[in-house]
Every structure is written in C-alpha cells, then in structure tokens.
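Atom set for the values below is all heavy atoms of this structure, side chains included, hydrogens, waters and symmetry mates excluded. Everything numeric in this text was worked out from a predicted model, so none of it was measured. Every number for a ligand or one of its atoms is a count from 1 in the order of the listing.
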Amino acid sequence: MARRILIFDTTLRDGEQSPGASMSASDKLVFAKQLASLGVDIIEAGFPVSSPEQFDGVNRIAREVEGPIIAALARAVEEDIRIAYEAIKPAKRKRIHTFIATSPIHMEYKLKKTPAEVIDLAKRAVSYAKSLTDDVEFSAEDATRSDLNFLKEVFLCAVEAGATTINIPDTVGYTTPDEFYNIVKEIKEAIGDRAVISVHCHNDLGLAVANSLMGLQAGAGQVEVCVNGIGERAGNAALEEVVMAINVRKDIYDFECGVNTKEIYKTSKMLSSIIGFPIAYTKPIIGRNVFAHESGIHQDGVLKYKQTYEIMKPEDVGRSGSDIVLGRHSGRHALKAKLRDLGISYDEDMFEEIYKKFLQIADKKKNVHEEDLIALFADMGIQEDKMIYILKNVQIIAGDNTIPTATVCIEKGKKEYVESSVGNGPIDAAFKAIEKIIGIYGMTLEEFSINAVTSGKDAIGEANIAISIGNERYNGHGVDTDIVVAAVKAYLNTINKFIYRNSLN
Ligand code: KIV
Ligand code: ZN
C-alpha cells in the first residue's frame, strides 16, 4: 500500500521571507483558507515573536482555519516558544516548531556556542514546547552542512525530550540528491519510528524538488514546501512540483498525500496576486506555456494523441481543459456552474461581487475565459485592509503627437480625489497623478510587467509592480481589460500595502 506522506506548507512563513513577499494578516488568512481547501496537512503560519503583525497573522489563522494543523516557528528560546504557543493556542490542532543551527559554521560564527551548548539548548527548547503542546517539531538548521554523527546526537536528544517530528533542512540549498538520500537514510535508521522525519529543501542550486523527493524515498514522512516555490533567496521546494511528481510518477514514488491537485492552479494564482510576484511562463505545472504546444510536430502529435507530448492533463491541476467561454449574456447560474467546475469556492456575498466584476469584464470583452475568471478571483484575495485608496477612474490622453496626460480619480473613505499629470508615457503620467493625490514621493519603481492572461486582442491584462521606499520593498498586482488601468490598480495596491504596513508601526 502506498505510504501516506504529510505536506507541510510553509508559504506563510519561509515563503513570506522572500524579499517583497510580505503579506498582511488578512491576506494570510485568505490564503490559509485556500491552503486548507488545497488539502495540506500542516500550515506553518508564521514566526510570531518577530513582530506584532506576525503574531496577529498566526493567531487569526489559528482561530479561523479548520482542518490542517497550525504550526508556528520559534527559535530555541523560551520567550519565542511561549509567544508561538500563545499565537496558535486557539487552533484545534497545533504544533510548535523550534529550531537551532547545528553546522560548525553556524555554531561558531552565528550562535557563538559549543556543540554541547547547542544540544543543551535544543533539549530545553523541546521540553518546554512539549510542556505546552504534544505536537512538537524540531529542526536542525543547516543540517546538511553539519557533522552527521553530531546531527544524529542532536536529533536523538530532541526525540527523547519529546519531539514528534524531526526536520532536516537543507538551509542553504547546498546538498545534492544522492548525498541527501544518504543523510536522511542514516537519520531515519537512528530515529526509527520514534518521530516523523521531515525534509525542508532550499533551491539555491535548483535541486530543492529533486532533494525533497530523494528525502521521501529515504524514509521521510513529511515534506516542507512553498506554493510557487517562493522562499528565502532562490526559494523552497515548490509544493505543486513535489505533489505532481509524486502523482505523475506513481510507478516510482509509492506515496500518497492529501492534496487535491485540482486546487493547485487557483492557489498558485491567488498567491501570485497577493504578493504581486509574476509566474514565469515556463514555471513547471503553473506557468503559462507548460501546456502549450508551439512546434508543428508537437501540435500534430498532441492532436493525434495527447500523451505524445503531455505527461499530465491541465485539468489535473485545475487549469482549463476545454475552456468553454462565458459572455455578457451568461447568467448567475452559468457563472456559478463554471466556478464550481473550476473548484472556486465563494460565499453568497462574495458571489455578487464576483458577478459584478464578471459583468464589467464581459461588457468589455466578448468572451470571458476560464483563465480570466481565475485571475479575477485571485485578484479578489486582495483584502480590505489594503484598500485604503480605491481607483474610481482614470482618463488618458496619449499618442505619438501629444504629451501623455492622465487624470486619475481615487477614493479614500467616502471622499474622492482627482489630479492630473503629464509624464513620459500614459502609465508614468497616471502614476504621477496618484503621487500628487497621495503625497508620497521618493518611491523607486523597481519592477513593472504587464502580461496578457489569455490570448487575443481583448485579453485581460495582469500588471505586477515592485517599488522601493527607503530600504523597504513592496509588490502589487492589478487586473483589468485595459492595461493602463491594470497598471494603475497595481500601483495603488502597492502604495496601499506601504501605507497599511506603516500604519501598524
Ligand atoms: O531553512 C531552514 O533552515 C529553515 C528552518 C527554520 C526550518 O527554514
Ligand atoms: Zn527554510
């Protein structure tokens, strides 16, 4: 019988540590609910001691998200562990995840502690966590650059102190599949069934998914992943890649997991829209091109027999297969049926808002595709606490013989503000008009991209923006049939995040 493995999602903790990927507490809540629908076993919701906002994010998830175990991270320090516990306390099923570094380089230069002191701290941290809750995970940070005998000793002590999960992180993405297999196998042999072995792989050498799969092959029972592979530096192992590798290669991987693969695409889109990170066209499983066949030979093959060039079906990951289009005359029933097909869940209040937005789009473009609906839905993940300024309308004068001019009307509270500006182009003019209204200057536009969600002249445009203000970086996202409007929405979304975050300090 296939071995059931646990999917530990750390998008909201390690993933959020990606520069520019920080999320508000309500973004996190929306996304955590989606992770629960996706069917992950554990949600690592954050690092509560690091800020009041982190605490709040974890606490709201612990109160409101049902199904998965809610975990919080804590250094091997009593204060961290106590605060982590406070944050997850309301959850029905909760886990404290505590860690300390075990590699010579980290112990000597970062912790300035001897190996004996590290063992002592690990034992105390786990015992204290265990006095608060039964479910305790212990991680040896930088495990793959640690002495293997020392690593075994630390893990054995952690298990004796009560750890129920032992995590082996490849913190700097340094290991290789063969090497990692041996490390995990040796640890598994030392620990046996006294605790679940977990693997946590970073992607610095592009090996995170391969290493994770090898870790599972070597006996790990839990894999730690992030949606879209976000995370520190080059990111963590991508949830969608690990899950689909297991699914597609059942002949090799005799595992099963609780993820409903049909929810993958929506989850990925939602994350991308919340944090404003675009998805590379060629990103496995979720990229725009991964089910597209360009060359004649491939197209011919796929038309004759799909499996010639497709190893999985787009529908398997919740992407449109047949793409039956909706239009202006499609009623609520048709839209509801389509949302159901796409696995998009909503409550009645939210449906009215979706329907209103759907009609606005359908008014402008004849055919509304499934991809449009997914983009629209993902965009609605943008939460009220960021809706400080809302775009009412934007008018543009542009052309090759005119000075680009934009007039923008935005609303704050119940008041409307209007400003005009000229600029190097229509988007620049619109951004300047917004800056005049809001009175925030000194922002540097770091990144700006506009992509069409579907093909065709009337495709929905999806804009992603990154700005920096001082040392801080913020990302924003906007969707509209008009690309200038999509860009303006993304700019406002970014500025709203900046204002919201600073209002908390
Ligand atoms: O990469 C790492 O070592 C971590 C630990 C805190 C588990 O994220
Ligand atoms: Zn990590």
Side-chain angles (χ1 to χ4, degrees), residues 6-19 21-22 40-50 54 58 69-77 80-81 83-84 87-88 95-107 109-111 118 121-122 125-126 129 135-146 150-151 154-155 158 163-175 180 183-184 187 195-209 211-212 215 220-239 241-242:
L6 300 170
I7 302 292
F8 177 109
D9 181 276
T10 182
T11 311
L12 294 173
R13 199 280 297 168
D14 215 331
E16 207 214 4
Q17 289 172 215
S18 304
S22 62
V40 305
D41 298 286
I42 302 110
I43 295 176
E44 184 164 51
F47 189 10
V49 79
S50 63
Q54 280 278 332
V58 176
I69 294 170
I70 308 302
L73 187 69
R75 287 168 301 182
V77 172
D80 277 35
I81 296 170
I83 293 177
I88 54 169
R95 173 179 298 184
I96 296 174
H97 176 194
T98 184
F99 72 99
I100 191 162
T102 51
S103 65
I105 192 165
H106 276 233
M107 289 191 291
Y109 295 101
K110 188 182 80 174
L111 298 176
V118 165
L121 287 169
V126 174
D135 189 343
V136 177
E137 174 166 336
F138 171 76
S139 286
E141 193 189 10
D142 207 15
T144 52
R145 292 193 298 169
S146 305
F150 178 61
L151 196 59
V154 180
F155 281 149
T164 39
T165 303
I166 287 299
N167 184 34
I168 312 173
D170 181 29
T171 303
V172 288
Y174 178 72
T175 200
F180 197 52
I183 295 173
V184 178
I187 305 283
V196 173
I197 308 290
S198 170
V199 288
H200 174 114
C201 298
H202 280 269
N203 205 27
D204 299 64
L205 293 173
L207 294 172
V209 171
N211 289 337
S212 301
Q222 172 177 292
V223 58
E224 305 200 352
V225 287
C226 288
V227 174
N228 297 354
I230 65 167
E232 284 274 11
R233 306 178 312 279
N236 289 61
L239 176 146
E241 293 176 29
V242 171

Any I7 side-chain heavy atom under 4.5 Å of V223 side chain
yes
With V49, which of V77, I81, L73, I83 fulfils side chain to side chain contact (heavy atoms under 4.5 Å, CB included)?
I83
Please tell me whether T102 and S146 have a donor and an acceptor in their side chains that are separated by less than 3.5 angstrom.
yes
Polar proximity ligand 1 side, D14 side, N/O cut 3.5 Å exclusive:
yes
Does a sphere of radius 6.0 Å around OH in Y174 hold more than 12 heavy atoms from other residues, nucleotides or ligands, not counting ones at 6.0 Å or beyond?
no
Mind checking whether E224 contacts ligand 1 via backbone (N, CA, C, O), side chain (CB onward), both or neither, at a 4.0 Å heavy-atom cut-off?
neither
If we only count heavy atoms from C-beta on, is the V199 to F180 side-chain gap below 4.5 Å?
yes
Report yes if some heavy atom in the side chain of E137 is under 4.5 Å from a heavy atom in the side chain of E44; otherwise report no.
no
Could you pull out the closest heavy-atom pair between V242 and S212, with the gap in Å?
CG2-CB, 4.3 Å
Going by side chain to side chain contact (heavy atoms under 4.5 Å, CB included), R95 matches just one of I43, T164, T165. Which one?
T165
Atom 4 (C) of ligand 1: closest protein heavy atom, distance to 0.1 Å, is H200 NE2, 3.5 Å
Does a side-chain heavy-atom distance below 4.5 Å link N167 with H97?
yes
What protein N/O/S atoms are there under 2.8 Å from the Zn ion (ligand 2), waters excluded?
D14 OD2, H200 NE2, H202 NE2
So which protein heavy atom does atom 1 (O) of ligand 1 come closest to, and at what separation?
H202 NE2, 3.0 Å
Atoms of ligand 1, numbered as shown, that sit under 4.0 Å from any heavy atom of E141:
3 (O)
Just jot down the ligand 1 atoms closer than 4.0 angstrom to any heavy atom of S139, in number order.
7 (C)
Using atom types as modelled and distance alone, determine if a side-chain donor or acceptor of H202 lies under 3.5 Å from a backbone N or O of G235.
yes
Enumerated ligand 1 atoms positioned under 4.0 Å from heavy atoms of P169
2 (C), 3 (O)
I need the nearest protein heavy-atom contact for atom 6 (C) of ligand 1: residue, atom name and distance, please.
R13 NH2, 3.7 Å
For atom 3 (O) of ligand 1, what is the nearest protein heavy atom, given as residue, atom name and distance?
T171 OG1, 2.6 Å
